[in-house]
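The structure presented is a predicted model; accordingly, all values stated were derived computationally and were not measured. First the proteins, then the strands, lettered A, B, ... as listed; each starts at 1.
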There are 2 protein chains.
Amino acid sequence: MARAGLTPEIVVDLAMAIIDEHGPAAVTLSAVAARAGVATPSLYKHVRSLAELTELVSIRVMDQLADRGFAAVAGRSGEDALRAYADAWRGYVKDHPGRYAAMIQTASPELSKAGQKLIDITLAALRSYGLEGEQAIHATRAFRAAVHGFVTIEAVGGFGLPYAIDESYHRLIGMVIGGLPKPV
Amino acid sequence: MARAGLTPEIVVDLAMAIIDEHGPAAVTLSAVAARAGVATPSLYKHVRSLAELTELVSIRVMDQLADRGFAAVAGRSGEDALRAYADAWRGYVKDHPGRYAAMIQTASPELSKAGQKLIDITLAALRSYGLEGEQAIHATRAFRAAVHGFVTIEAVGGFGLPYAIDESYHRLIGMVIGGLPKPV
DNA sequence: AGCGAAGGCTAATAGCATTAGCTTTTAAGC
DNA sequence: GCTTAAAAGCTAATGCTATTAGCCTTCGCT
């Protein structure tokens, strides 16, 4: 019988498809194996465990998020860059709420490397503010926390009526931006 | 043999103890039953399913959070009230990171009622700002998002070096407060 | 005392991750 | 082209999980 020709990357692809269709909780090795047309234990030739697979998924999601963010920030600066990044971030979550949910419920050393990309992009967007050291850290944390908090609540439908959510987000980002020193 | 004398409340108590000691992932009906000194299926006399138990746990956590918040806001107004609420919220998460993690990975209709308490407290803290309708909604969402985002990232150790985190939080809350119209 | 409900039990089922060990395919080197 | 060894698949088995069914016992009330 011909081989399925799996790789770790393809296994992650399949897991992502399951997340998109049925949510993060539906990601089991059985489900992935069924999609791959393979017996469950065969997956262990490509991933060490379910835990490793979910970690790889998280890294993939962070990378996708970073790609969108990077594209949004490129060629912009100051408030413009920050707002574009914030919108790109939220756009990704709205397009793929399951993926973001899958991402946030995993933590590991490997993951922090992927997460660093998101921080680096924030720093890049903040560059024109000329913040140094501690000031840059505070600004980055504030931006991350505001964006992540808003988008997380929205993804689980936590805002109740979906009334004027765009405007609420715009204002929150405006509060963060307004609390920064003026760009040089 | 004497009965264990369980109630749904006690079952939730035991689940909370497991969360505090071993994290949310360790909450299984087996583990709870072992702690209760009872066979696993006996728990079904008190909770309908594991899903219901985790939901009850989330509601309990939200209630505890609301109690702390209520106490913090009582007798304060304006910026003072908002900062006290923000500090109480974060204090709870620092005291019980596992509980907060357990809370955020559950969503259901029953839960939104408990979540409404947290929103009501925010509205109360905002009262002296005299915000009406849409303005109050935007302000509440911004506050929730900022607080929730920050404490969530902190709870998973997402800020890397634990350097000056108090100050970062203080500044973020300051950004939100600074973006509100002045209290009347 | 007796009766019914509530709270406990054991046994059984089904789904899950994981490990062990075997077989087949594939690709590389001669 | 043949050999060979690693890579990639398989089946079988283990042990954990939630859940259901059906039974027994304890408790509270009359």
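- Under the 4.5 angstrom side-chain criterion for Ile, Leu, Val, Met, Phe, Trp and Tyr, A/V156 has no cluster partners at all.
- Here B/H46 does not reach the OP1 or OP2 of C/dA6: none of its side-chain N or O atoms lies under 4.0 Å away.
- An OP1 or OP2 oxygen of C/dG15 is reached within less than 4.0 angstrom by no side-chain nitrogen or oxygen of A/S30.
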Exercise. Kindly express the pairing pattern of DNA chain C in dot-bracket notation, using | wherever a base pairs with another strand and counting only Watson-Crick or G-U pairs under 3.5 Å.
Key: ||||||||||||||||||||||||||||||
Quiz item: Hey, mind stepping through B/F70 and B/Y85 against ring pair (Phe, Tyr, Trp, His ring centres under 6.0 Å) and telling me if it holds?
Solution: CA-CA 8 Å; B/F70 186 81; B/Y85 187 26; over 10 Å; no
Quiz prompt | Verdict with reasoning, B/Y100 to B/H96, per ring pair (Phe, Tyr, Trp, His ring centres under 6.0 Å) | solution = CA-CA 7 Å; B/Y100 200 75; B/H96 312 289; over 10 Å; no
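- Of the candidate nucleotides C/dA17, D/dT20, C/dG8, C/dG8 has the atom lying nearest to any side-chain atom of B/L6.
- Atom CD in B/E9 sits roughly 12 Å away from atom P in C/dG7 (whole-Å rounding).
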Name each donor-acceptor pair under 3.5 Å that joins a side chain in residues 11-27 of chain A to protein atoms two or more places apart or in another chain, with its distance.
from  : atom 1 : to    : atom 2 : distance (Å)
A/D13 : OD1    : A/R60 : NH1    : 2.8
A/D13 : OD1    : A/R60 : NH2    : 3.3
A/D20 : OD1    : A/R99 : NE     : 2.9
A/D20 : OD2    : A/R99 : NE     : 3.2
A/D20 : OD2    : A/R99 : NH2    : 2.6
A/E21 : OE1    : A/R35 : NH2    : 2.8
A/E21 : OE2    : A/R35 : NH1    : 3.3

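- Within the nucleic acid shown, B/T40 comes within 4.0 Å of at least one base atom, counting heavy atoms only.
- For B/F150 and B/F159, the ring centers sit closer than 6.0 Å to each other.
- Distance CD (A/E52) to P (C/dA17): 15 Å, rounded to an integer number of Å.
- Within the 4.0 angstrom heavy-atom criterion, base atoms lie near A/S42.
- Regarding B/Y44, its OH atom lies at a distance of 17 Å from the P atom of C/dT13, rounded to whole Å.
- With D/dA18, D/dG9, C/dT25 as the candidates, the nucleotide lying closest to the side chain of A/R3 is C/dT25.
- Of the two residues near DNA chain C, A/T28 and A/K45, the one whose nearest nucleotide lies more 5' is A/T28.
- Not one N or O on the side chain of A/S112 forms a donor-acceptor pair closer than 3.5 Å with the backbone of A/G115.
- Electrostatic pairing of B/D166 and B/R90 counts as a salt bridge here, judged by a charged N lying under 4.0 Å from a carboxylate O.
- Closest contact between the side chain of A/P41 and the listed nucleotides C/dA11, C/dA20, D/dG9 involves C/dA20.
- Atoms CG (A/L43) and P (C/dA17) sit 9 Å apart, rounded to a whole Å.
- Rounding to whole angstrom units, CG of residue B/L50 and C1' of D/dA18 are separated by 8 Å.
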